[in-house]
Amino acid sequence: MPVYSISHVENVRVCVVMVGLPARGKSLIAQKIVRYLSWLSIKSKCFNVGNYRREIASDVVVNAEFFDPRNEEGLKTRKEAVNRAITDMMNWFSEENGVVGILDATNSTKARRDRILKLCRENSIEPMFLESYCDDQDLILQNIIDVKTTSPDYIDTSNEFATDDFLKRISYYEEIYETMDTKSDSDLTFIKLVNVNSQIILNRIESYLESRIVYYVMNLHIKPRCIYLSRHGESEYNLTGQIGGDSNLSERGWKYAKKLPELVLKSLGEENKHTNLTVWTSTLKRTQQTSSFLPYKRKLQWKALDELDAGECDGMTYEEIEQNFPEDFKARDDDKYEYRYRGGESYRDIVIRLEPIIMELERQENILIITHQAVLRCLYAYFMNIPQEESPWMSIPLHTLIKLEPRAYSTLVSRMKADIPAVSTYKEKGTSQLGEFASGTGISKSRDLIRDSELVTPK
Ligand SMILES: Nc1ncnc2c1ncn2[C@@H]1O[C@H](COP(=O)(O)OP(=O)(O)OP(=O)(O)O)[C@@H](O)[C@H]1O
């Protein structure tokens, strides 16, 4: 039976038109929406007009004067950049069956927005405007320091020059900027974020897909934080090579549980050692046992964090599955993301049940999640934008703490190994044997994804 995701339920295509002055987080929001929707299998793409402009005018020195509305040469180049971005986006909708296209530009005048509106309507694409309005001067300055001073526009300049020049660029845009409001734009679908999310104005949000985007965007915040991920300690089932079940930790698993508080403290570092983490576990014994020595008061159990349900294969080893259900064994290797165990789940099923977890993670600050291999792969795939065909094959070793630090356009990853031996539960494609080198093929690219992150050695 086909498994449907939102994009198949409705035959809707949405163009999200970003609106806002420079340094208001438009690109960050646009990229996050694309990552979130792609993780949910909704085909999405961002078209950043700044990148087109840099391509067209690669030999032009771009300083604030380039953005003066009276600079005809600058205007011409910027117009061409917008035109190219819009053309590529429209082609992507029609030729590649795109579902959500995001036009990432300032789109600061009503006339510009009307033009895009018309084009969308002519092509049966729903236009949805997403404005980030911000008049908090401290935040704007901080944004400039955080991301604009390192922009490709300011490669050979000092931070002071870049900051002053960018402020001047903003002032040119301010001369022509027309914000959106519920009176003059009453017939448009739009969401307006005021000073991040201290106020949110919604107008004519109609389709399900639009409301999903709105709900996601409403939950975003930009406070610095870190997210820790760990598998449970080695379990008794891990020792026997059985999957699923609700077994206890092995002796080595308990050692990891006892060492985990120390690992977390080391990873937080001296200056953040008093950071209060909230611990999330699944409802299964092995994750709760792993969390039992952590000194944090808030510990929550989530059913959604339970391991992939292997249905009729629960409690079997991979060898037993290969013997008893050879066709299923092969089908799973052929398409691990989509394969659903008899009476159990697929990776896609996990992603669907993890969606509320992702939403809550976006809302929260510092969290430590102790869960299971398949669930961790899906969570990691969301933060690191790992494609579906690779994520189920990632190696996530036992007794290793992973730290994620979301940044403006990326997520920093570091790993800390506990130095407590554990079996490998990794199964390579085409074999029922467990272990990193089971098939003798060496380390595959997808398997390497987490290994590539920085390894921090506990001192
Ligand atoms: N809703 C928001 N309001 C204000 N700032 C935000 C918001 N969301 C994210 N930010 C911050 O904005 C910065 C990222 O700026 P970004 O490059 O995305 O801005 P932009 O509006 O796309 O700028 P430009 O028009 O120059 O491309 C980050 O420092 C981020 O923390």
Side-chain angles (χ1 to χ4, degrees), residues 16-36 46-55 57 62-64 66-67 69 74 77-78 81-82 85 102-109 112-113 129-155 157 159 162-180 190-202 213-226 362-363 365 405-412:
V16 179
V17 185
M18 302 304 295
V19 177
L21 290 167
R24 264 58 177 186
K26 298 183 299 297
S27 298
L28 177 140
I29 298 166
Q31 287 178 20
K32 285 200 79 150
I33 296 173
V34 167
R35 181 153 61 82
Y36 166 70
C46 182
F47 297 83
N48 178 285
V49 173
N51 290 341
Y52 283 86
R53 188 251 304 152
R54 276 183 280 272
E55 230 176 85
V62 172
N63 56 27
F66 181 85
F67 299 90
T77 307
R78 283 156 59 206
V82 173
I102 306 189
L103 186 63
D104 180 15
T106 48
N107 296 313
S108 43
T109 62
R112 162 68 57 77
R113 300 195 288 266
F129 295 90
L130 200 172
E131 179 175 7
S132 176
Y133 179 91
C134 180
D135 56 10
D136 176 338
Q137 295 308 319
D138 292 341
L139 176 60
I140 295 163
L141 200 60
Q142 194 54 51
N143 288 351
I144 295 173
I145 294 165
D146 282 353
V147 295
K148 297 305 174 189
T149 50
T150 52
S151 145
D153 288 345
Y154 295 110
I155 279 178
T157 61
N159 286 356
T163 306
D164 287 347
D165 191 73
F166 203 84
L167 283 168
K168 209 161 167 201
R169 181 193 300 196
I170 294 177
S171 69
Y172 281 131
Y173 274 101
E174 277 169 337
E175 288 181 28
I176 52 160
Y177 184 54
E178 295 166 289
T179 188
M180 303 196 71
F190 74 85
I191 169 168
K192 178 169 174 173
L193 307 172
V194 180
N195 290 329
V196 189
N197 46 17
S198 50
Q199 190 189 9
I200 297 169
I201 300 163
L202 300 177
I213 296 170
V214 166
Y215 185 51
Y216 178 69
V217 169
M218 282 171 72
N219 283 299
L220 300 180
H221 71 75
I222 53 173
K223 289 181 215 135
R225 46 88 171 255
C226 55
E362 287 295 353
R363 296 167 53 79
E365 293 185 25
E405 295 168 87
R407 292 280 193 268
Y409 304 135
S410 60
T411 304
L412 291 184

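Any value given below was found using the heavy atoms of this structure, including those in side chains, with hydrogens, waters and symmetry copies removed. For ligands, and for the atoms within them, numbers begin at 1 and follow the listed sequence. For clarity, every value in this text was computed on a predicted model and none was experimentally measured.
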Using distance alone, determine whether [X] and ligand 1 share an N or O pair under 3.5 Å.
| X | answer |
| --- | --- |
| G25 | yes |
| N143 | yes |
| Y409 | yes |
| A23 | yes |
| K26 | yes |

Find all atoms of ligand 1 within a distance of less than 4.0 Å from any non-hydrogen atom belonging to [X], and give their numbers and elements.
| X | result |
| --- | --- |
| S132 | 1 (N), 2 (C), 3 (N) |
| P22 | 23 (O), 24 (P), 25 (O), 26 (O) |
| K148 | 16 (P), 17 (O), 19 (O), 23 (O), 24 (P), 26 (O), 27 (O) |
| L28 | 9 (C), 18 (O), 30 (C) |
| S27 | 18 (O), 20 (P), 22 (O), 27 (O) |
| F166 | 26 (O) |

Which heavy atom of the protein is the closest neighbour of atom 7 (C) of ligand 1, given with residue, atom name and distance?
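Protein heavy atom at minimum distance: R24 O, 3.5 Å.
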Assess the side chains of D146 and Q142: does a donor N or O sit below 3.5 Å from an acceptor N or O?
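Yes, because at least one side-chain N or O of D146 sits under 3.5 Å from a partner of the opposite role on Q142.
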Under 4.0 angstrom from ligand 1, any heavy atom of [X]?
| X | value |
| --- | --- |
| G50 | no |
| G20 | no |
| L21 | yes |

With heavy atoms and a 4.0 Å threshold, my read on which part of V196 contacts ligand 1 is both
Are the side chain of [X] and the backbone N or O of [Y] linked by a donor-acceptor pair below 3.5 Å?
| X | Y | answer |
| --- | --- | --- |
| K148 | A23 | no |
| N107 | M18 | yes |
| R24 | C134 | yes |
| S410 | R407 | no |
| N197 | L193 | no |

Check ion pair E178-R113 (N to O, under 4.0 angstrom)
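Between R113 and E178 there is no salt bridge, as every charged N stays at least 4.0 Å from the carboxylate O atoms.
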What distance separates Y154 OH from T150 OG1, expressed to the nearest 0.5 Å?
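So the gap between those two atoms works out to 11.5 Å.
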Hits for ring-ring contact (aromatic ring centres under 6.0 Å, His included) against F67, two or more places apart or cross-chain, chain-then-number order -> Y173
Side chain to side chain contact (heavy atoms under 4.5 Å, CB included) test vs R169 passes for just one of N63, D153, D164, I144, namely D153
